[in-house]
Amino acid sequence: MPRHTKAGLAPGTLIHVGERHAVDVTMAGMRFAPQGTLEARSLPDAAAAAAFATADHVAWVDVNGVHDVELVRHLGTGFGLHPLLMEDLVNTTQRPKAEDYGDRYYLVLKMIMVHPEKRTIEVEQVSLVLGPHWVLTFQEREADTFDPVRRRLEQAESRVRQHGPDYLMYALVDTVVDNYFQVAEGLGTRVEDLEPDVIASPDSSTLAELYAIKRALVSLRRFVGPAFDAVAHVRRGDSALIQQSTRLYLRDVEDHLVRIMETIDLNREMVQGMVDAYLSALSHRMNDVMRVLTVIATIFIPLTFIVGVYGMNFVHMPELGWRWSYPIVWGIMVSVGVGMLFFFRRRGWF
């Protein structure tokens with residue numbers, strides 16, 4: 001549903017905004033306690049999800065698909081979410097941001113993927129809600145975005161099993177940011193691969209791919225910058241839900257985002273330089289072609305003059321009656337052409 005359909009509605013009105021990616025909404029839960037066992041199960045409805053998040057465990061409820069407004073409403077009721085927070089959950093056009101609701105903390109990020117053939121950016125919104133002893137995540141489609149975190153949770157000695165829900169939220173955020181690294185470095189590698197083609201054999205397909213990569217880098221930069229502000233907001237805030245030990249790890253995420261932005265800016269400069277090199281090479285090739293055509297045209301100017309003179313229909317032209325007129329004119333034209341060609345060559349014009 002387009003954004004303008006919400007115009008005039010009361011704040012907190014739940015209307016799904018954006019594309020519908022998932023066919024059915026699914027929920028999966030994982031919960032654990034320090035030095036305890038890990039329990040994972042599929043959750044059929046919002047009531048089961050709320051009952052799963054018990055106070056004696058750290059619970060993670062992962063929701064795939066946000067177009068089911070009623071499910072989001074029931075989840076919000078079960079987990080005590082603010083109406084404005086629920087409104088943002090079903091609006092997939094949000095920019096990355098962080099908001100403190102007191103006993104709930106809301107964080108929006110963008111999961112970014114690159115289409116392998118089109119070199120275009122594909123964006124999925126990821127929402128995280130941190131509570132006293134649980135974390136909710138909302139994704140637009142069922143994917144393996146957080147599989148690295150799930151594998152870490154399956155290891156009893158992993159650090160994420162020894163900490164609270166704020167560290168779990170950090171681990172999820174760190175997974176999203178690591179994906180930014182992969183996307184930025186993948187685009188940078190492709191830019192380096194195109195450099196020899198730009199210099200040796202530039203063509204329109206190379207230029208089209210350069211512009212596609214440039215658009216992808218611009219889109220990536222547009223989401224990474226606000227993501228840095230959102231993570232910084234979480235780290236520097238005074239929410240009691242975020243432990244001081246976790247803030248140190250969030251500072252490392254900030255550093256990663258700064259490095260990603262530097263990588264993106266460097267790649268954009270490289271792409272722009274390669275576009276300039278392509279246009280320069282194209283202009284140089286055009287100049288070579290024009291030089292050849294100019295030399296050919298210049299050689300034929302005197303030849304055309306000679307032919308034009310002797311093509312006039314005057315009766316009294318004494319040369320027309322000579323026996324050797326025809327071969328003499330040919331000899332003159334060949335001499336003029338060869339002589340001009342030799343002159344241009346000595347001057348370095350050809």
Side-chain angles (χ1 to χ4, degrees), residues 21-68 70-82 85-86 89 101 103-109 111 124-179 234 239-243 245-246 249-250 253:
H21 294 290
V23 178
D24 298 314
V25 179
T26 60
M27 291 188 295
M30 301 183 77
R31 65 183 180 184
F32 59 90
Q35 310 302 325
T37 59
L38 175 71
E39 181 181 359
R41 69 172 68 167
S42 176
L43 302 172
D45 51 38
F52 184 74
T54 56
D56 55 341
H57 291 82
V58 174
W60 170 26
V61 176
D62 184 30
V63 182
N64 293 299
V66 294
H67 58 273
D68 190 337
E70 289 305 313
L71 175 62
V72 174
R73 190 191 311 276
H74 293 316
L75 282 172
T77 301
F79 285 91
L81 305 184
H82 194 280
L85 194 159
M86 290 189 286
L89 287 175
Y101 287 91
D103 58 347
R104 306 288 186 269
Y105 212 105
Y106 178 51
L107 181 64
V108 180
L109 296 174
M111 175 59 69
E124 173 192 353
Q125 179 165 300
V126 177
S127 299
L128 301 95
V129 184
L130 173 64
H133 54 271
W134 45 260
V135 176
L136 302 179
T137 56
F138 294 82
Q139 304 180 69
E140 290 188 64
R141 71 191 83 192
E142 188 171 359
D144 58 354
T145 302
F146 294 133
D147 267 6
V149 179
R150 294 187 182 93
R151 289 193 295 268
R152 289 167 60 184
L153 284 171
E154 292 170 356
Q155 302 172 7
E157 69 280 2
S158 66
R159 185 173 298 170
V160 69
R161 290 273 295 271
Q162 311 305 319
H163 291 76
D166 56 329
Y167 188 89
L168 174 60
M169 186 189 73
Y170 150 73
L172 297 169
V173 171
D174 189 54
T175 301
V176 175
V177 173
D178 285 344
N179 187 71
V234 176
S239 173
L241 296 173
I242 311 295
Q243 303 298 318
S245 58
T246 303
Y249 290 104
L250 290 172
V253 175

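Just the heavy atoms: all of them, side chains too, but no hydrogens, waters or symmetry mates, feed the values below. By convention here, the first residue in the shown sequence is residue 1.
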Nearest heavy-atom contact between Arg150 and Met30 is CG-SD, 3.9 Å

Mind checking what makes salt bridge (Lys or Arg N to Asp or Glu O under 4.0 Å) contact with Glu157, not counting sequence neighbours? none

List for me each residue that meets side-chain contact (heavy atoms from CB on, under 4.5 Å) alongside Val58, sequence neighbours excluded, and say none if there are none. Phe32, Pro165, Leu168

Would a distance-only check, ignoring hydrogens and angles, find a side-chain to backbone donor-acceptor pair under 3.5 Å from His163 to Arg159? yes

Side-chain donor-acceptor pair present, His74, Thr77, cut-off under 3.5 Å: no

In plain terms, say whether Glu70 and Arg73 are close enough for a salt bridge, that is, a side-chain N and a carboxylate O under 4.0 Å apart. yes

Please, which pairs that meet salt bridge (Lys or Arg N to Asp or Glu O under 4.0 Å) have at least one residue in residues 27-44, sequence neighbours excluded? Arg31-Glu39, Glu39-Arg41

For Leu81 and Leu136 the tightest heavy-atom approach is CD1-CD1, 4.2 Å

What is the minimum heavy-atom distance between Tyr106 and Val129, and which atoms define it? CD1-CG2, 3.9 Å

Looking only at heavy atoms, the pair that brings Ala49 and Leu75 closest together is CB-CD2, 3.9 Å

Where the side chain of Glu140 meets the backbone of Gln125, is there a donor-acceptor pair that is under 3.5 Å apart? yes

Determine the minimum heavy-atom distance between Thr145 and Pro148, stating which atoms define it. O-CD, 3.7 Å

When you measure from the side chain of Gln243 to the backbone N and O of Gly164, does any donor-acceptor pair fall under 3.5 Å? no

For the pair Tyr167 and Tyr249, name the ring-plane relationship: parallel under 30°, tilted 30 to 60°, perpendicular over 60°. perpendicular

Exam field: side chain Thr175 to backbone Ala171, donor-acceptor pair closer than 3.5 Å: yes

Going by the rule salt bridge (Lys or Arg N to Asp or Glu O under 4.0 Å), which residues pair with Asp56 if we only count those two or more places apart in sequence or in a different chain? none

Sequence neighbours excluded - salt bridge (Lys or Arg N to Asp or Glu O under 4.0 Å) pairs with any residue from residues 128-138: none

Which residues satisfy the side-chain hydrogen bond (donor to acceptor under 3.5 Å, both in side chains) test with Arg152, sequence neighbours excluded? none

